[in-house]
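Scroll down for the structure; my scribbles are underneath it.
Here the structure is a predicted model, which is why all the values come from computation and not from measurement.
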Amino acid sequence: MSLKNHYYYFQEYPNIVLIPLGKKNKKIRSIGHKTDKSILNRLNDALSRMTLSIDERKNLHYFLQIKHEVFLPVMMNKDEKVETKIINPDFLLWKSFSPNHGIPYQKESFYEEDISKLSNDELIIFLKKVIAEYLFCAELSKKSENQWIQIMKKAYNQHPFVQLYLKKQEIVDSVEIANRSPLLSVLSPPEDVSYWRQRVEIVLWPYRKLPLWCEHDKSLTVLSSKKLLKCDCSFCQKEYHYCLKEDKYLLNENPNMDQAIKRISTIENQFNEIIEKNIKLVNSLEFLVYIKKNIDISKIVRLVNQIGHLPFNITIENQFAMNLIKELSQINVPLSRPASSLLWISQFHIPTIALLKTFNNYSFDEISESIKSLQKELVHVLRHFDIKPNETLIIIKKNHLTYFMVARILKGIISLENLSFHVIAQILKGRTSYSLREQKLDQHFLFGFLEKWEEKDIHKLLKTLEKELWITKHSTGFIVSDKGASLIDKLEDDS
């Protein structure tokens with residue numbers, strides 16, 4: 001911040017400089033009002049009673065960029081009257097002002113106190129607070145905003161609790177995952193699980209409150225009255241507080257570090273002890289891991305997806321294996337088992353525990369054979385229902401429409417979905433009108449596609465497409481259904 005192009009110094013008031021206030025207020029010619037002179041004399045006398053060290057004076061001089069060793073800038077408005085409220089140093093910090101204008105007026109940038117209404121004692125107390133805040137901003141002005149953000153980041157990373165979190169992050173994250181896992185519902189004894197969950201809420205509370213440092217752009221807010229810096233990330237909606245005097249990152253509440261270290265270890269050990277009592281569940285999970293490692297379901301999942309894109313309703317006989325594949329495809333298991341059961345359990349992603357109960361009734365060979373049988377059935381279905389583009393799909397009287405022709409009509413309807421039944425029929429017939437030409441619909445690729453058809457047969461076709469769920473009504477027109485979209489995708493993939 002620099003006031004060197006804005007200030008006016010008067011020898012009668014050696015502790016003050018005057019600054020034009022307002023963009024259109026460029027100069028201060030004189031101080032002609034007795035009231036203003038009285039205010040300035042009183043303010044200057046009060047400042048004279050205050051003592052600053054040589055370093056403090058240098059800091060203020062550096063901050064305000066004023067040649068004279070003054071204490072305070074005082075604003076003067078366009079009517080050449082002294083502004084009886086002092087400008088807050090936060091407003092001046094890291095700011096540059098045009099030399100062609102005065103300092104812009106913003107009501108919130110001034111202290112609330114009116115110096116003309118303060119007693120002598122009140123004025124001294126107020127000025128001590130103001131000078132202290134100016135000195136704080138003067139200290140901040142020695143570095144740029146970005147430099148302070150980096151200093152805050154370093155202080156954040158050096159905070160003992162932040163270091164504990166970074167060291168124990170894997171355990172903290174694992175506890176959060178395990179606490180939400182459906183596996184908790186089958187752990188016993190339930191009273192141990194309930195107690196553990198209650199302890200989790202207590203132990204993890206400070207970790208949940210800790211704002212993790214992000215790498216987004218941040219803004220600084222100076223809290224001069226508290227001698228603090230606040231750093232905000234608007235993207236994450238997080239804020240960080242830093243004490244300049246102690247060079248320390250501040251948490252809202254500082255946890256007892258000895259207690260925090262002990263508690264995070266205890267919560268892990270308690271969970272591990274619960275798992276040791278549930279050998280049956282551990283065996284089921286190990287069996288699940290074995291199945292995931294030794295049965296490749298990726299090919300079957302692709303076959304299921306291909307059948308799902310067929311424009312037919314297909315019934316699969318082997319529903320047992322179909323349900324297994326559906327469940328297994330949604331499950332993630334750890335590749336290896338760490339020493340801590342907590343870390344191991346947290347790596348399982350199991351939407352429901354139904355599959356584990358199923359595994360209790362079948363051997364690996366039975367499951368493997370059932371899945372192989374399903375794969376053969378799916379391959380057979382795909383071969384049987386393989387779509388041939390030139391094969392007839394719909395017959396209206398003597399008119400035959402192939403799969404390819406129906407897909408083309410459906411693709412056209414996608415771009416005509418806001419048009420009425422009647423207009424789509426006109427386009428297919430190739431019947432022109434002023435309205436169609438105005439909308440350039442006579443240039444649409446479906447225009448005249450069924451020009452040899454009777455118009456009533458085209459109406460019947462559209463009703464058939466709706467009845468067989470290729471299209472569905474939507475507002476004033478039609479939209480292509482998922483079934484219709486599947487046919488389009490299938491033929492485009494094969495072309």
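- Using modelled atom types, no side-chain atom of N399 and backbone atom of I395 make a donor-acceptor pair closer than 3.5 Å.
- Using modelled atom types, one side-chain atom of Q147 and one backbone atom of S144 make a donor-acceptor pair closer than 3.5 Å.
- To the nearest 0.5 Å, atoms CD (E108) and CZ (F91) are separated by 8.0 Å.
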Could you go through the side chain to side chain contact (heavy atoms under 4.5 Å, CB included) check for F271 and V200 one step at a time?
CA-CA 10 Å; F271 188 85; V200 165; over 6 Å; no
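- Take N179 and apply the side chain to side chain donor-acceptor pair (under 3.5 Å) test, not counting sequence neighbours, and it matches R197.
- Counting only heavy atoms from C-beta outward, the side chains of I367 and T358 never approach each other to under 4.5 Å.
- To the nearest 0.5 Å, atom CZ of residue F404 and atom CG of residue N390 are 8.5 Å apart.
- Note that CE of M152 and NZ of K248 are 14.0 Å apart. Values are rounded to the nearest 0.5 Å.
- Between the S481 side chain and the L469 main chain, a donor and an acceptor come within less than 3.5 Å of each other.
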Y207 and F161: CA distance, side-chain angles, deciding distance, ring-ring contact (aromatic ring centres under 6.0 Å, His included) verdict:
CA-CA 9 Å; Y207 296 95; F161 186 72; 4.8 Å; yes
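- Within the 4.5 Å cutoff, the side chain of N88 has no heavy atoms near those of the F110 side chain.
- Inspection of the S363 and D365 side chains reveals no N or O donor paired with an N or O acceptor under 3.5 Å.
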I'd like to know whether Q439 forms a side chain to side chain donor-acceptor pair (under 3.5 Å) with Y434, so could you lay out the CA-CA distance, the side-chain angles of the two residues, the decisive distance to 0.1 Å, and finally the verdict.
CA-CA 9 Å; Q439 299 177 67; Y434 174 77; over 6 Å; no
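- To the nearest 0.5 Å, the span separating NE2 on H400 from OG1 on T402 amounts to 11.0 Å.
- The closest side-chain heavy-atom distance from S336 to W344 is not below 4.5 Å.
- Between Y242 and Y249, the ring centre distance reaches or exceeds 6.0 Å.
- Applying the side chain to side chain donor-acceptor pair (under 3.5 Å) definition to pairs two or more places apart or across chains, those involving residues 447-457 are R431-E455.
- In this structure, I151 and D247 have side chains that are in contact, with non-hydrogen atoms separated by less than 4.5 Å.
- At least one side-chain heavy atom of W94 sits under 4.5 Å from a side-chain heavy atom of W148.
- The local environment of CG in N360 is crowded, with over 12 non-hydrogen atoms from other residues, nucleotides or ligands closer than 6.0 Å.
- Between the side chain of K226 and the backbone N or O of C243 there is no donor-acceptor pair closer than 3.5 Å.
- L229 places a side-chain heavy atom less than 4.5 Å from the side chain of V222.
- A salt bridge between K227 and E139 is absent, with no side-chain N of the basic residue lying under 4.0 Å from a carboxylate O of the acidic one.
- With values rounded to the nearest 0.5 angstrom, I295 atom CD1 is found 8.5 Å from K372 atom NZ.
- Each of K168, K167, Q169 was checked for a side chain to side chain donor-acceptor pair (under 3.5 Å) with Y165, and the lone residue meeting it is Q169.
- Using a cutoff of 4.0 Å between basic side-chain nitrogens and carboxylate oxygens, K218 and E239 are not scored as salt-bridged.
- With rounding to the nearest 0.5 angstrom, the CG atom of L462 is 6.0 Å from the CD1 atom of I413.
- Side-chain contact annotation: E268 with S340, donor-acceptor N/O pair under 3.5 Å present.
- The closest donor-acceptor contact from the side chain of S194 to the backbone of P190 lies at 3.5 Å or more, if one exists at all.
- In this structure the side chain of K153 reaches within 4.5 angstrom of the side chain of W213, judged on heavy atoms.
- A donor atom on one side chain and an acceptor atom on the other are not found under 3.5 Å apart for D173 and S346.
- Partners of N269 by side chain to side chain donor-acceptor pair (under 3.5 Å), not counting sequence neighbours: none found.
- Between E286 and R337 there is a salt bridge, since a side-chain N of the basic residue sits under 4.0 Å from a carboxylate O of the acidic one.
- Taking the six-membered ring wherever Trp is involved, the centroid distance between the rings of F320 and Y362 falls below 6.0 Å.
- The two residues L343 and S174 make their nearest non-hydrogen contact at CD2-OG, 3.2 Å.
- Between the side chains of S224 and D90, at least one donor-acceptor pair of N or O atoms lies under 3.5 Å.
- Side-chain contact between I371 and L328: present, with at least one pair of heavy atoms (C-beta onward) separated by less than 4.5 Å.
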